[in-house]
Amino acid sequence: MNVYDELKERGFIAQATHENEIRDLFEKEKVTFYIGFDPTADSLHVGHFMGMMAMAHLQKAGHRPICLIGGGTGTIGDPSGKTDMRKMMTDEIIEHNCSCFKKQMERFIDFSEDKALMVNNAEWLRKLNYIDLLRDVGAHFSVNRMLTAECYKQRLERGLTFLEFNYMIMQAYDFMELGDRYGCKLEMGGDDQWSNIIAGVELIRRKQAKAAFGLTFTLLTTSEGKKMGKTEKGALWLDPEKTSPYDFYQYWRNVADSDVEKCLGLLTFLPMEEVRRLGALQDQAINEAKKVLAYEVTKLVHGEAEAEKAQQAAEALFSGQGNLENVPTLEIRSEDFGAKLIDVLTREGVFSSKGEGRRLVQQNGLSLNDERISDADRILTESDLGEDGALVKKGKKKYYRLVRA
RNA sequence: GGGUAGGUGCCCGAGUGGUUAAAGGGAACGGACUGUAAAUCCGUCAGCUUAGCUUACGAUGGUUCGAAUCCAUCCCUGCCCA
C-alpha cells in the first residue's frame with residue numbers, strides 16, 4: 001500500500017496540494033520532505049508528536065524526513081490561529097528550546113546515516129539581506145492575496161504587525177532553501193499551516209518552476225472540536241519532567257469513547273484492522289481500547305519501562321491489583337506529623353492554595369486511605385502512614401501516595 | 001503626529017462614586033450518576049492566621065468619609081486621518 005494512502009487511512013491527511021502527484025511521488029522515488037517546528041517552549045507536546053508519527057511512517061516507507069527547527073522563524077512568531085502577538089523570545093531561550101526539541105525528536109526519528117536530517121533555519125534566515133530578499137522573494141508575493149489567507153483573518157480584526165505578517169514569507173523561503181540544499185520536495189504541517197505551506201509551494205513553482213508539494217494533517221481535536229492535549233496544567237508535554245509518564249498515560253486512558261479510534265490511528269503503530277476492532281468496542285468494553293491506547297502512546301514517548309509502570313500504577317489504583325509503588329509519590333518529612341494534612345499537601349503542590357484544599361474537603365473531594373476527610377484541620381499523624389505509606393485521593397481519580405522521606 | 005474607541009478576575013464580557021471579591025457566559029475544579037467515558041443535574045471557582053482580614057479592575061499620583069467607577073500624567077491596543 002502506498003504510504004500516502006496509509007496516512008490517509010490512519011486519519012492524518014487534511015489537505016494536499018496535489019493528491020495524485022504526491023502519491024505517485026512516494027511510489028517512484030525516495031522523497032525528502034520536511035516539517036517545521038518553532039521552538040516556543042522547552043519541550044515538544046502532543047501536537048508535535050503527531051507530526052513525528054507521520055514522519056516516522058514516511059521514514060519507514062523509505063523516505064527522508066527533515067526536522068526543521070525554527071530558530072529563525074521562532075524569533076518572529078507565527079500569527080496563524082493566534083489572537084495576539086506572541087511574546088518575543090530572547091535568543092538564549094530559543095537556543096535552549098531548540099536543543100530540547102532535538103533531544104526529544106531523536107526518540108522518534110532515526111537520524112543515523114543520513115536517514116533523516118535536522119536543520120535550523122536560523123542558519124540561513126539570519127544571514128538574509130533585506131534588499132536582496134525583497135527583490136528575490138518579495139516580488140513573488142501579492143499582498144492582496146496574502147491578506148485573504150485564512151490564517152490572517154482573526155488577526156486582521158485585532159491587529160497584525162508587519163513582523164508577523166512576514167512569517168509566511170520566511171516559511172516559504174525555508175521550503176525553497178531546503179529544496180535547494182537537500183532536494184526537499186514536500187512540506188507537511190498541521191492544518192493551521194495550510195496558508196503558509198501553499199505560500200512555499202507557490203513560491204518554488206513560480207520562481208524556480210520546480211515541482212513542490214504540500215500536505216497538512218488533521219488537527220488533533222476531540223469529537224467536540226476542542227484541541228486535544230490540554231490538561232489542567234496546560235499542555236500535555238512529552239518531557240517527563242513537565243508531564244509525568246503517569247499523567248501522560250492517564251490522559252489517554254481518559255479520552256472520550258468517540259475519540260479512541262482516531263487516537264489509535266494517529267498516535268500508535270497498531271495495524272489498522274486492530275485499530276478498527278478496538279475502536280468498534282462498545283460501552284464498558286471500550287475501556288480495553290483505552291488501555292491499549294494509553295499503553296502504546298506512553299511506550300512510544302517514554303519507553304516500555306515507563307509505560308509498564310504507569311499501567312501498573314493505574315491497575316493498582318483503579319482495579320485494586322498490582323503494587324502501589326509506581327503511583328505518584330510524595331515524601332513526607334518527620335516534622336510533618338502533627339501538621340495539618342492540607343498544609344502538607346499544599347506545600348507538595350497537590351493544591352495550588354490552602355483555600356483550594358479546604359474547598360475540596362468541604363465538597364467531599366479529599367480522602368486519606370479511603371476515608372473521606374471532613375475536617376479541614378485534620379492533622380496528619382504517623383499512624384496514617386502505617387507500614388506502606390498512605391494513599392491520598394483528590395477528586396475522583398487523582399491519587400498521591402505518601403511515604404516517609 | 002492629529003482624531004477617536006478602548007485596556008476589568010484563566011478567557012470573553014457587564015459594571016460608570018458606596019449594597020462590588022465585581023453580573024453573565026466559557027474553561028476549570030468538586031459532588032451525584034457512571035465505565036478512570038460522554039451527556040445531565042447540583043455546587044465551587046483571589047489569598048490568608050476564613051463568619052475576620054489582606055490584595056485586586058493597564059501604571060503612578062490626586063479628589064473624596066468612600067473610587068473599577070471622577071481628575072492628572074504615563075504606558076499599551078484597535079480604528080480613521082497624515
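Given the structure is predicted, the values throughout are model-derived calculations rather than measurements. Throughout, protein chains are lettered first and strands after them, A, B, ... in sequence-line order, and every chain is numbered starting at 1.
In summary, the side chains of Y295(A) and Q311(A) do not present any donor paired with an acceptor at a separation below 3.5 Å, with no hydrogens or angles considered. E187(A) and Q193(A) share no side-chain donor-acceptor pair at under 3.5 Å. Side-chain contact, W237(A) with D42(A): no donor N or O sits under 3.5 Å from an acceptor N or O. With 3.5 Å as the limit, one finds no donor-acceptor pair spanning the side chains of Y152(A) and E164(A). S112(A) and D110(A) share a donor-acceptor pair across their side chains, judged by distance under 3.5 Å alone. With no hydrogens or angles considered, a side-chain donor-acceptor pair links Q104(A) and S43(A) at under 3.5 Å.
In this structure, L160(A) atom CG and C79(B) atom C1' are separated by 15 Å, rounded to whole Å. Distance L293(A) CG to A37(B) C1': 13 Å, rounded to the nearest Å. When rounded to the nearest whole Å, the span between CD1 of I342(A) and P of U50(B) equals 12 Å. Atom CZ of F351(A) and atom P of C45(B) are 16 Å apart (whole Å). One atom, OH of Y251(A), and another, P of A28(B), lie 10 Å apart when rounded to the nearest Å. Between L236(A) atom CG and A28(B) atom P the separation is 15 Å, expressed in whole Å. Atom pair E261(A):CD and A38(B):P shows a separation of 19 Å (rounding to whole Å applied).
Separating the C1' atom of C57(B) from that of G6(B) is a span of 14 Å, rounded to the nearest Å. With both ends at atom C1', the span from U60(B) to A67(B) equals 15 Å, rounded to whole Å. U63(B) and G17(B) are spaced 12 Å apart, taking the C1' atom of each and rounding to whole Å. Comparing the P positions of C79(B) and G15(B) gives an interatomic distance of 24 Å, to the nearest angstrom. Distance check on atom C1': A21(B) versus U77(B) gives 27 Å, rounded to whole Å. Of the P atoms belonging to A23(B) and C45(B), the separation is 11 Å, rounded to the nearest Å. Only the P atoms considered, C71(B) is 24 Å distant from G1(B), to the nearest whole Å. Taking the C1' atom of each, A56(B) and A22(B) are spaced 10 Å apart, rounded to whole Å.
Among the atoms of the strands shown, base atoms are found under 4.0 Å from some heavy atom of A314(A). Residue contacts shown for L317(A) are absent, as no nucleic acid heavy atom lies under 4.0 Å away. Nucleic acid contact for V260(A): none, since no nucleic acid atom lies under 4.0 Å from a heavy atom of the residue. Using a 4.0 Å heavy-atom criterion, one finds that K354(A) contacts the sugar-phosphate atoms exclusively. If you check every strand for non-hydrogen atoms under 4.0 Å, Q362(A) touches nothing.
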Close N or O pairs between protein and nucleotides 51-53 of chain B (under 3.5 Å):
none

Could you write out each protein N or O paired with an N or O of nucleotides 31-33 of chain B at a distance under 3.5 Å?
{"unit_1": "C33(B)", "atom_1": "N4", "unit_2": "K396(A)", "atom_2": "NZ", "d": "3.1"}

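Listed nucleotides: A38(B), G30(B), G35(B). Nearest to the side chain of N287(A): G35(B). Taking only side-chain atoms of R358(A), from C-beta outward, the nucleotide of G30(B), U44(B), U50(B) with the closest atom is U50(B).
Within the structure, side-chain hydrogen bond (donor to acceptor under 3.5 Å, both in side chains) contacts touching residues 129-149 of chain A (residues at least two apart or in different chains) are R145(A)-E202(A).
Classification of E325(A) and K309(A) as a salt-bridged pair fails, no side-chain N sitting under 4.0 Å from a carboxylate O. Salt bridge present: E288(A) and K291(A) bring a charged side-chain N and a carboxylate O closer than 4.0 Å. At a threshold of 4.0 Å, the pair K210(A)-D180(A) counts as salt-bridged, since one of the basic side-chain nitrogens sits closer than that to a carboxylate oxygen. Between K185(A) and E21(A) there is no salt bridge, since no side-chain nitrogen of the basic residue lies less than 4.0 Å from a carboxylate oxygen of the acidic one.
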Handout entry: Nucleotide-level pairing of RNA chain B, given in dot-bracket where Watson-Crick and G-U pairs need both distances under 3.5 Å and | marks other strands
Key = ((((((((.[[[..)..(.....]]].(((((.......))))).(((...)))...[[[[[..)....]]]]]))))))).
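Contact between the side-chain N/O atoms of S258(A) and the OP1/OP2 oxygens of A37(B) is not found at any separation under 4.0 Å.
For T381(A), the side chain to side chain donor-acceptor pair (under 3.5 Å) criterion is met by S383(A), D384(A), not counting sequence neighbours.
Of the residues near RNA chain B, E356(A) and K397(A), the one whose nearest nucleotide (by heavy atom distance) lies more toward the 5' end is K397(A). Sequence order on RNA chain B of the closest nucleotides to R253(A) and R359(A) puts R253(A) first from the 5' end.
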Problem - Residue pair D375(A), V361(A): steps toward the side-chain contact (heavy atoms from CB on, under 4.5 Å) verdict - result: CA-CA 7 Å; D375(A) 175 11; V361(A) 168; 6.0 Å; no
Handout entry: Check against side-chain contact (heavy atoms from CB on, under 4.5 Å), Y246(A) and V327(A)
Key = CA-CA 8 Å; Y246(A) 174 79; V327(A) 173; 5.7 Å; no
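Under a cutoff of 6.0 Å and an axis angle of 45°, K393(A) and Y400(A) do not form a cation-pi pair. Note that R253(A) lies outside the cation-pi zone of F248(A), set by a 6.0 Å cut-off to the ring centre and a 45° limit from the axis.
Residues from residues 275-285 of chain A lying near RNA chain B, meaning a heavy-atom separation below 4.0 Å, are D283(A), Q284(A) in numerical order.
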